[in-house]
Amino acid sequence: MMEKGQALPAKIKTVWRVSAGCSLLVGLVVTGGFMAAAKWWQWSAVLWLICAGLTVLDVAIELALIPYRYRFWRYQISAQEVEIESGFFFHQQTAIPINRIQNVTLEAGPILQWQHLQTVSIETAATSHKIKSVLPETASQLKQRIMTLAMEATPYDD
């Protein structure tokens with residue numbers, strides 16, 4: 001486990017809450033569709049009740065996990081690698097070698113823009129990894145630092 005690392009800004013909790021709210025809205029629309037179909041085709045009400053129950057359960061779990069997600073999400077940059085760590089029960093630790101990094105991009109959808117946050121996307125030839133939702137100043141600094149380290153690294157340094 002990473003001994004120390006940078007935590008995400010507290011604003012990410014608001015983003016996760018809004019995301020849970022969006023999940024609730026989508027679930028309610030789907031439930032409404034099942035209600036209409038049940039009425040139209042004279043199905044049992046059980047189908048839309050199950051859908052409504054699953055939607056509420058999903059959103060409740062998503063909201064309950066916000067403090068957990070926030071506490072265990074960390075990132076760290078060294079001269080050799082970018083390390084991203086998340087989760088306790090479902091722990092994931094990813095190390096991206098600096099010499100494999102090809103590009104770093106900054107992304108922000110509407111909810112992140114509203115909260116003045118950006119995601120740092122670190123791309124290698126094989127995949128893309130994300131440092132989710134940091135302040136724009138931090139995102140720019142991370143991009144500059146990672147790209148500088150990547151340019152200084154030779155392709156297969158150890």
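The basis for the numbers below is simple: all heavy atoms, side chains too, and nothing from hydrogens, waters or symmetry mates. By convention here, the first residue in the shown sequence is residue 1.
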Review item, side-chain donor-acceptor pairs of residues 15-32, under 3.5 Å, at least two apart:
unit_1, atom_1, unit_2, atom_2, d
Ser23, OG, Ser19, O, 3.2
Thr31, OG1, Gly27, O, 2.8

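- Among residues two or more places apart in sequence or in another chain, the ring pair (Phe, Tyr, Trp, His ring centres under 6.0 Å) test is passed with Trp40 by none.
- Taking CD1 of Ile101 as the reference point, atom CD1 of Ile146 lies at 5.5 Å (rounded to 0.5 Å).
- To the nearest 0.5 Å, the span separating CG on Leu112 from OG1 on Thr14 amounts to 11.5 Å.
- Glu83 has its side chain out of reach of Arg74: every pair of non-hydrogen atoms, C-beta onward, lies at least 4.5 Å apart.
- Applying the salt bridge (charged side-chain N to carboxylate O under 4.0 Å, His left out) definition to pairs two or more places apart or across chains, none involves residues 29-57.
- Under the 4.5 Å side-chain criterion, counting only non-hydrogen atoms from C-beta, Thr119 is not in contact with Leu106.
- Distance check: Gln118 CD to Ile131 CD1 gives 12.5 Å after rounding to the nearest 0.5 Å.
- In this structure Thr148 satisfies the side chain to side chain donor-acceptor pair (under 3.5 Å) test together with Gln144, sequence neighbours excluded.
- Ala95 and Pro97 make their closest contact through O-CD, 3.6 Å (heavy atoms, listed as atom of the first residue, atom of the second, distance).
- No continuous path of hydrophobic side-chain contacts links Val56 to Ile66 [ILVMFWY only; heavy atoms under 4.5 Å].
- Partners of Ala37 under the side chain to side chain contact (heavy atoms under 4.5 Å, CB included) rule, at least two apart in sequence or in another chain, are Trp41, Trp43.
- Taking both residues in full, the closest heavy atoms of Ser78 and Ile98 are given as O-CG1, 3.8 Å, listed atom of the first, atom of the second, then distance.
- Sequence neighbours left out, the pairs with a member in residues 117-135 that pass salt bridge (charged side-chain N to carboxylate O under 4.0 Å, His left out) are Glu107-Lys130.
- Residue pairs that meet the salt bridge (charged side-chain N to carboxylate O under 4.0 Å, His left out) test with at least one member in residues 26-35, sequence neighbours left out, do not exist here.
- Residues that satisfy the side chain to side chain contact (heavy atoms under 4.5 Å, CB included) test with Leu135, not counting sequence neighbours, are Pro9, Lys11, Leu117, Glu137, Thr138.
- The side chain to side chain contact (heavy atoms under 4.5 Å, CB included) search around Pro67 returns none, not counting sequence neighbours.
- The salt bridge (charged side-chain N to carboxylate O under 4.0 Å, His left out) analysis of residues 48-69, with sequence neighbours excluded, yields no pairs.
- Every pair passing ring pair (Phe, Tyr, Trp, His ring centres under 6.0 Å) that includes a residue from residues 52-71 is listed here, sequence neighbours excluded: Tyr68-Phe72.
- Side-chain contact between Val134 and Tyr75 is present, with at least one heavy-atom pair separated by less than 4.5 Å.
- A donor-acceptor pair is defined here as one N or O able to donate and one able to accept, closer than 3.5 Å; no such pair exists between the side chain of Gln92 and the backbone of Ser86.
- Take His129 and apply the side chain to side chain contact (heavy atoms under 4.5 Å, CB included) test, not counting sequence neighbours, and it matches Ile84, Thr94, Ile96, Thr127.
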